[in-house]
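Before any comments, here is the structure.
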Amino acid sequence: MACEASYSKTEVDNAGNLLRDHASGQIPEPDELALRQARDVVAEFRNAHFLTLELIRGELITIVKRAGFPIEAGHRLKELNRIIAKLVRQPHRQLSNLHDIAGCRATLPD
């Protein structure tokens, strides 16, 4: 159900690693072009989750309303700076295995 990304898992992980290493100070003077390209890869990876997120949110609303409950449902894609911060905090984690790029929440009356 996910939107197809144009980058491979390896390219996504390499981009995440470069941004993590730069943010953590391991690369004091990085290649600005490489950093820009890495941000573009990570942004596309993040945005590739949007369609699935919208579909899940719609299904959640439908199921809860069908059960007869009022619902407020929100969703979000993790911001790029928060993705990088999480990669810095978890240096052995690969971007392609980050589990909370997108999230959906339902608020019910009780």
Side-chain angles (χ1 to χ4, degrees):
M1 198 183 317
C3 179
E4 287 294 318
S6 358
Y7 297 102
S8 71
K9 179 180 173 183
T10 299
E11 290 170 315
V12 167
D13 289 338
N14 288 342
N17 292 342
L18 176 63
L19 293 176
R20 171 188 26 235
D21 292 347
H22 171 61
S24 66
Q26 294 181 35
I27 303 175
E29 295 185 32
D31 174 1
E32 289 301 319
L33 177 60
L35 276 179
R36 237 186 337 264
Q37 290 171 337
R39 282 189 200 98
D40 290 345
V41 170
V42 174
E44 183 173 317
F45 175 72
R46 174 188 172 269
N47 292 335
H49 293 82
F50 185 73
L51 178 60
T52 302
L53 180 59
E54 283 286 303
L55 293 171
I56 294 297
R57 180 178 172 266
E59 286 296 312
L60 177 63
I61 290 170
T62 300
I63 291 167
V64 173
K65 281 186 174 181
R66 198 176 299 143
F69 296 103
I71 180 175
E72 290 182 32
H75 62 299
R76 62 105 180 125
L77 290 173
K78 187 179 275 288
E79 294 177 14
L80 179 60
N81 63 334
R82 303 302 306 155
I83 291 170
I84 296 168
K86 186 165 188 177
L87 291 172
V88 169
R89 283 192 317 273
Q90 299 178 6
H92 299 295
R93 168 101 42 207
Q94 293 298 311
L95 177 57
S96 63
N97 292 325
L98 206 60
H99 297 292
D100 63 345
I101 294 288
C104 186
R105 171 190 332 212
T107 305
L108 302 171
D110 187 6

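Since the structure is predicted, the reported quantities are computational estimates derived from the model, not experimental observations. Atoms considered below: every heavy atom in the structure, side chains included; atoms not considered: hydrogens, waters and symmetry mates.
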Less than 4.5 Å apart, any side-chain heavy atom of Ile83 and any of Phe45?
no
Quick check: do Leu77 and Leu53 have side-chain heavy atoms less than 4.5 Å from each other?
yes
Once you round to the nearest 0.5 Å, how far does CG of Leu19 lie from CG of Leu87?
8.0 Å
Given the rule in the side chain to side chain contact (heavy atoms under 4.5 Å, CB included) test, do Leu80 and Val42 qualify, once you have shown the distances and angles that lead to the verdict?
CA-CA 8 Å; Leu80 179 60; Val42 174; 3.3 Å; yes
Kindly give the heavy-atom pair with the smallest separation between Glu11 and Ser6, and that separation in Å.
OE1-O, 4.4 Å
Within the structure provided, determine whether Glu54 and His75 are in side-chain contact (heavy-atom separation under 4.5 Å).
yes
Between Ile101 and Leu95, is there a side-chain heavy-atom distance shorter than 4.5 Å?
yes
Between the CG atom in Leu18 and the CZ atom in Arg39, the distance rounded to the nearest 0.5 Å is 9.0 Å
Considering only Ile, Leu, Val, Met, Phe, Trp and Tyr, and joining two whenever side-chain heavy atoms are under 4.5 Å apart, list the other residues clustered with Phe69.
Leu60, Ile61, Val64, Ile71, Leu108
Hits for side-chain hydrogen bond (donor to acceptor under 3.5 Å, both in side chains) against Thr62, two or more places apart or cross-chain, chain-then-number order -> none
For the backbone of Val41 and the side chain of Glu44, can you confirm whether one donor and one acceptor N or O come within less than 3.5 Å of each other?
no
Could you pull out all residues at least two apart from Gln90 that satisfy side-chain hydrogen bond (donor to acceptor under 3.5 Å, both in side chains)?
Arg93
side-chain hydrogen bond (donor to acceptor under 3.5 Å, both in side chains) filter on Asp13, not counting sequence neighbours, yields Ser96
Would you kindly confirm whether Leu55 and Ile63 end up in one hydrophobic cluster when ILVMFWY residues are joined by side chain heavy atoms under 4.5 Å apart?
no
Looking at residues at least two apart in the chain, or sitting in another chain, which of them share a side-chain contact (heavy atoms from CB on, under 4.5 Å) with Asn97?
Lys9, Gln94
Sorted by first residue and then second, give each salt bridge (charged side-chain N to carboxylate O under 4.0 Å, His left out) pair with at least one member in residues 76-85; sequence neighbours left out.
Lys78-Asp100
Just grab all the side-chain hydrogen bond (donor to acceptor under 3.5 Å, both in side chains) pairs involving residues 21-33, residues at least two apart or on different chains.
Ser24-Gln26
Closest heavy-atom pair, Pro70 versus Pro109, reported as atoms and distance to 0.1 Å, is O-CD, 3.5 Å
First locate atom CG of Asn14, then atom OH of Tyr7, and finally report the distance between them rounded to the nearest 0.5 Å.
12.5 Å
Applying side-chain hydrogen bond (donor to acceptor under 3.5 Å, both in side chains), can you list everything that pairs with Gln37, at least two apart in sequence or on another chain?
none
Donor-acceptor pair, Arg20 side chain versus Pro91 backbone, under 3.5 Å?
yes
